[in-house]
**Student:** 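Mind having a look at this structure? Questions to follow.
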Amino acid sequence: MSDEVVSRHRPAADVDRPVPPESVCVLVPTLDEAPTIGAVVSGFRDRGYTNVLVVDGDSDDDTREIARERGARVMTQSGSGKGQAVREALEEVETPYVVLVDGDGTYDPADVEALLAPLSAGYDHVIGNRFADMDDDAMARLNGVGNRLVNGAFRFIHGGEYADILSGYRAFRTEAIRRLPLSAEGFTIETELAVECVKRDVETTVAPISYSARPDASETNLHPIRDGGTILLTLYSLAKTTNPLFYFGSLGAASVAGGAAVATYVLWEWLRYSEGHEIMAVVAASGILLGVQLLMFGVLSDMIVALHREQRHRLERITRRSSREEVSGSGERGGDRREPGRPECSADDER
C-alpha cells in the first residue's frame, strides 16, 4: 500500500475543528498491520492529531517499529484481543476525547471531524456508519450479510438503532466510556460498547463515514463464521441485563416447547398403544414447569429493570436541576459586587 492516505474529503486546513486536536487521543489497536499502520498514523498526524497511541498485540512483523517512525506512541498490550487492548489503553489516555480506529487502512482519517462534531454538541459516543459510503469491494458478501444480521439482532434484542454497531471507527468522551464495565476480550468489544450504551443511556449517535477495501498486502484477523457466531452469542448473553424478558422468556419458551413436544409423544403412545412412559412424562412436566418459571422470572426481571431505569432518570433530573440552581445562585452572588456597608448610588451620583 502507498504511504499516502487518499482522502475523499477536504484537506485539514479547510475543515471546521469541532474539538481541538490536542484534546484528542487517536487509539489504534493493531496486530500484524505493518503494510498499513504507517499510512494510518501519518494520516491523522498530518491533520493535526499528533497524539496517536498504537496498542499492539505483540505483532510478528514491523508494526511497532513503523508506528514509532511515523511519530506514534507505541505500547505492547499485556494480554491478547482487541477488547483487552482497548481497556488497557484507556488507562493510559489523559485527553478528554478518544478516537478509536482500526489500523488496517480501511478508514479515512479525514472523517475524524465528522465523528468529533457530535461530541462537541453533547453526545458521549459516536459510531461511524460504514454503509453510508462503502466501496463495492470493501466487504465480502458473507461479511455484509453477517453485519446486517448482527445489526438486526441488536435492534430486536436491545432496542438500539445504531446502524453499524461493528464499525471499527468511533469517537467518545473518555470519561463516559471509562464508566462502562467493559469485559470483552476480542472483536466483541464493539458489540459490548453498543449494548452498554443502551443499558446505561449513554448519549450515542451515528455519523456517516467512508469505508475502503483492505489493501492486498494486508490480511484480516477476523474469521467471519467463528467471530460472527461469538458476536451473536454475546448479543444474546448481554440481554439478561438489558432485556431480561427476551432473555429468560426465550429460554422459557424453548423449555415449554420441548416439554410439550415430549408430552405430546407420551400422550400419543398412551392413546394408540396403551404404553406409558413414566420417565418421559416426568421430563415433559419438568420442562413445562421450568419454562413457565423462567417466563415468570423474565417478567419480574423486566419490571425491576424498568423501575431501575426510571429511578436513574429521576436522579439524573434532580442532579441536573441542582446543578442549574447552583450555577444560577453563584451567578446572582457574583453579580452583586457592592462592598458591605456601601450605599447604592446611581450613575448621576457617581458623576
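All values below come from the heavy atoms of this structure, side chains included, with hydrogens, waters and symmetry mates left out.
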**Student:** Does a side-chain heavy-atom distance below 4.5 Å link Gln84 with Pro29?
**Tutor:**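 No; the side chains remain at least 4.5 Å from each other.
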**Student:** How about Ser78 and Glu88: does a side-chain donor come under 3.5 Å of a side-chain acceptor?
**Tutor:**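 Ser78 vs Glu88: donor-acceptor pair found between side chains.
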**Student:** Around atom CD1 of Ile279, are there more than 12 heavy atoms from other residues, nucleotides or ligands closer than 6.0 Å?
**Tutor:**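 Result for CD1/Ile279: open.
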**Student:** Indicate yes or no: at least one non-hydrogen side-chain atom of Arg87 is less than 4.5 angstrom from one of Glu185.
**Tutor:**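 They are in side-chain contact.
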**Student:** Which residues pass the salt bridge (Lys or Arg N to Asp or Glu O under 4.0 Å) test with Asp61, sequence neighbours left out?
**Tutor:**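 Here no residue qualifies.
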**Student:** Applying a strict under-4.5 Å side-chain criterion to I, L, V, M, F, W and Y, I'd like to know whether Val93 and Leu115 cluster together.
**Tutor:** no
**Student:** Are more than 12 heavy atoms from other residues, nucleotides or ligands located less than 6.0 Å from atom CE of Met75?
**Tutor:** yes
**Student:** Asp56 and Thr30: side-chain donor and acceptor closer than 3.5 Å?
**Tutor:** yes
**Student:** Mind checking whether Leu100 and Tyr169 have side chains closer than 4.5 Å, heavy atoms only?
**Tutor:**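 With C-beta onward as the side chain, the pair stays apart.
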**Student:** What heavy-atom pair brings Val266 and Ala281 nearest, and what distance separates the two atoms?
**Tutor:**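 That closest heavy-atom pairing would be CG2-N, 4.0 Å.
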**Student:** For Leu90, is there any backbone N or O sitting under 3.5 Å from a side-chain donor or acceptor partner on Arg178?
**Tutor:** yes
**Student:** Run the salt-bridge test on Glu190 and Lys82 with the 4.0 Å N-O cut-off and return the result as yes or no.
**Tutor:**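 Yes, this pair counts.
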**Student:** Any side-chain to backbone donor/acceptor pair from Asn129 onto Ala163? Under 3.5 Å, distance only.
**Tutor:**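 Such a contact is absent between Asn129 side chain and Ala163 backbone.
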**Student:** For Glu92, which residues count as a side-chain hydrogen bond (donor to acceptor under 3.5 Å, both in side chains) partner, sequence neighbours excluded?
**Tutor:** none
**Student:** Do the two ring centres, one from Tyr123 and one from Phe172, sit under 6.0 Å apart?
**Tutor:** no
**Student:** Yes or no on salt bridge (Lys or Arg N to Asp or Glu O under 4.0 Å) for Arg214 and Glu33, after CA distance, side-chain angles and deciding distance?
**Tutor:** CA-CA 11 Å; Arg214 176 184 281 267; Glu33 302 286 5; 3.8 Å; yes
**Student:** Between Tyr107 and Ile189, is there shared hydrophobic-cluster membership here, with clusters defined by ILVMFWY side-chain heavy atoms closer than 4.5 Å?
**Tutor:** no
**Student:** So, Ser23 side chain and Thr95 main chain: donor-acceptor pair closer than 3.5 Å or not?
**Tutor:**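 The answer is no, because no donor-acceptor pair under 3.5 Å joins these two groups.
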**Student:** With side chains defined as the heavy atoms from C-beta onward, is the minimum distance between Ser255 and Leu295 less than 4.5 Å?
**Tutor:** no
**Student:** Answer yes if the side chains of Asp111 and Ser210 hold a donor-acceptor pair under 3.5 Å, and no otherwise.
**Tutor:**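 Yes, a side-chain donor-acceptor pair sits under 3.5 Å.
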**Student:** Whether the Arg45 and Thr50 side chains hold a donor-acceptor pair (N or O, under 3.5 Å, no angle test) is what I'd like checked.
**Tutor:**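 There is no such pair between these side chains.
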**Student:** Enter the distance from Phe248:CZ to Lys240:NZ here, rounded to the nearest 0.5 Å.
**Tutor:**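 It is 7.5 Å, given to the nearest 0.5 Å.
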**Student:** Would you compute the distance between atom CG of Leu235 and atom OG1 of Thr242 and round it to the nearest 0.5 angstrom?
**Tutor:** 9.0 Å
**Student:** Can Arg73 and Cys25 be said to form a side-chain contact (heavy atoms from CB on, under 4.5 Å), step by step?
**Tutor:** CA-CA 10 Å; Arg73 292 187 296 143; Cys25 175; 4.1 Å; yes
**Student:** Determine the minimum heavy-atom distance between Gly252 and Leu294, stating which atoms define it.
**Tutor:**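 Smallest interatomic distance, heavy atoms only, reads CA-CB, 3.7 Å.
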**Student:** Can you spot which of Val40, Val41, Leu27 makes a side-chain contact (heavy atoms from CB on, under 4.5 Å) with Val52?
**Tutor:** Val41
**Student:** Please check: side-chain N/O of Thr204 versus main-chain N/O of Val202, any donor-acceptor pairing under 3.5 Å?
**Tutor:**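 Judged by distance alone, yes, a pair lies under 3.5 Å.
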**Student:** Under 3.5 Å, is there a donor-acceptor pair between the side chain of Arg173 and the main chain of Leu119?
**Tutor:**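 Indeed, once roles are kept as given, a pair shorter than 3.5 Å links the two residues.
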**Student:** Measure up the Phe246 and Phe156 rings against each other and bin them: parallel (under 30°), tilted (30 to 60°), perpendicular (over 60°).
**Tutor:** perpendicular
**Student:** Counting C-beta onward and ignoring hydrogens, is there a side-chain heavy-atom pair between Phe44 and Val112 closer than 4.5 Å?
**Tutor:** yes
**Student:** Just how far is it from atom CD of Glu91 to atom CD of Glu94, taken to the nearest 0.5 Å?
**Tutor:**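 Going from the CD atom of Glu91 to the CD atom of Glu94 covers 12.5 Å.
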**Student:** Nearest 0.5 Å, what's the CZ-CG distance between Arg170 and Leu193?
**Tutor:**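 One gets 5.5 Å once the value is rounded to the nearest 0.5 Å.
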**Student:** Does some side-chain heavy atom of Asn51 sit less than 4.5 Å from a side-chain heavy atom of Val24?
**Tutor:**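 With C-beta onward as the side chain, the pair stays apart.
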**Student:** For a 4.5 angstrom cut-off between non-hydrogen side-chain atoms, does Val28 reach Asp102?
**Tutor:**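 Answer no - side chains too far apart.
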**Student:** Rounded at 0.5 Å granularity, tell me how far OG1 in Thr241 sits from CZ in Arg200.
**Tutor:**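 Rounded to the nearest 0.5 Å, the OG1-CZ separation comes to 8.0 Å.
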**Student:** For Pro181 versus Glu196, what's the shortest heavy-atom pair and its separation?
**Tutor:** CD-OE1, 3.7 Å
**Student:** Could you label the plane-to-plane angle of the Tyr162 and Phe154 rings as parallel, tilted or perpendicular, counting under 30° as parallel and over 60° as perpendicular?
**Tutor:** tilted
**Student:** Give the intermediate values and the outcome of side-chain contact (heavy atoms from CB on, under 4.5 Å) for residues Asn243 and Leu238.
**Tutor:** CA-CA 8 Å; Asn243 190 357; Leu238 291 175; over 6 Å; no
**Student:** Checking side-chain hydrogen bond (donor to acceptor under 3.5 Å, both in side chains) for the pair Ser42/Arg70: CA distance, chi angles, key distance, verdict?
**Tutor:** CA-CA 6 Å; Ser42 297; Arg70 298 302 178 93; 2.9 Å; yes
**Student:** Counting only N and O atoms by type, is there a donor-acceptor contact under 3.5 Å from the side chain of Ser301 to the main-chain atoms of Pro244?
**Tutor:** no
**Student:** Give a yes or no on whether the backbone of Thr230 and the side-chain of Thr234 come within a donor-acceptor separation of less than 3.5 Å.
**Tutor:** yes
**Student:** Tell me yes or no: between the side chains of Ser250 and Tyr236, is some donor less than 3.5 Å from an acceptor?
**Tutor:**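 Short answer, yes.
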**Student:** With a 4.5 Å limit on heavy-atom distance, are the side chains of Asn147 and Val145 in contact?
**Tutor:** no
**Student:** For the backbone of Ala184 and the side chain of Thr188, can you confirm whether one donor and one acceptor N or O come within less than 3.5 Å of each other?
**Tutor:** no
**Student:** What closest approach, in Å, do Pro118 and Val126 show between heavy atoms, and which atom pair accounts for it?
**Tutor:**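 The pair with the smallest heavy-atom distance is CB-CG2, 3.6 Å.
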**Student:** Is a donor on one side and an acceptor on the other found under 3.5 Å between the side chain of Asp32 and the backbone of Asp60?
**Tutor:**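 Yes; judged by distance alone, with no hydrogens or angles, the pair exists.
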**Student:** Honestly curious: do Leu53 and Val26 fall in one hydrophobic cluster under the side-chain, below-4.5 Å linking rule?
**Tutor:**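 No.
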**Student:** Taking Ser120 for its side chain and Ala117 for its backbone only, find out whether a donor-acceptor pair lies under 3.5 Å.
**Tutor:**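 Yes, the answer is positive, given that a donor and an acceptor are paired below the 3.5 Å cut-off.
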**Student:** If we ignore angles and hydrogens, is there a donor and acceptor under 3.5 Å between the side chains of Glu192 and Ser183?
**Tutor:**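 Looking only at side-chain atoms, Ser183 and Glu192 do form a donor-acceptor pair, the distance falling under 3.5 Å.
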**Student:** side-chain contact (heavy atoms from CB on, under 4.5 Å) for Thr264 and Val262? Distances and angles first, verdict last.
**Tutor:** CA-CA 5 Å; Thr264 301; Val262 175; over 6 Å; no
**Student:** Just do the side-chain contact (heavy atoms from CB on, under 4.5 Å) check on Asp124 and Cys197 with the steps written out, would you?
**Tutor:** CA-CA 9 Å; Asp124 295 316; Cys197 285; over 6 Å; no
**Student:** Give me the atom names and distance for the closest heavy-atom approach of Ala260 to Ile288.
**Tutor:** N-CG1, 3.9 Å
**Student:** Report yes or no: do Tyr97 and Glu175 form a side-chain donor-acceptor pair below 3.5 Å?
**Tutor:**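 Not at all, the side chains of Tyr97 and Glu175 share no donor-acceptor pair under 3.5 Å.
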**Student:** Count the heavy atoms belonging to other residues, nucleotides or ligands that lie under 6.0 Å from CE of Met296, then report whether that count exceeds 12.
**Tutor:** no
**Student:** Looking at every heavy atom in both His158 and Val198, which two are closest together, and how far apart are they?
**Tutor:** O-CG1, 3.3 Å
**Student:** Please report the interatomic distance CG(Leu290) to CG(Leu251), rounded to the nearest 0.5 Å.
**Tutor:**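 CG of Leu251 is found 9.0 Å from CG of Leu290.
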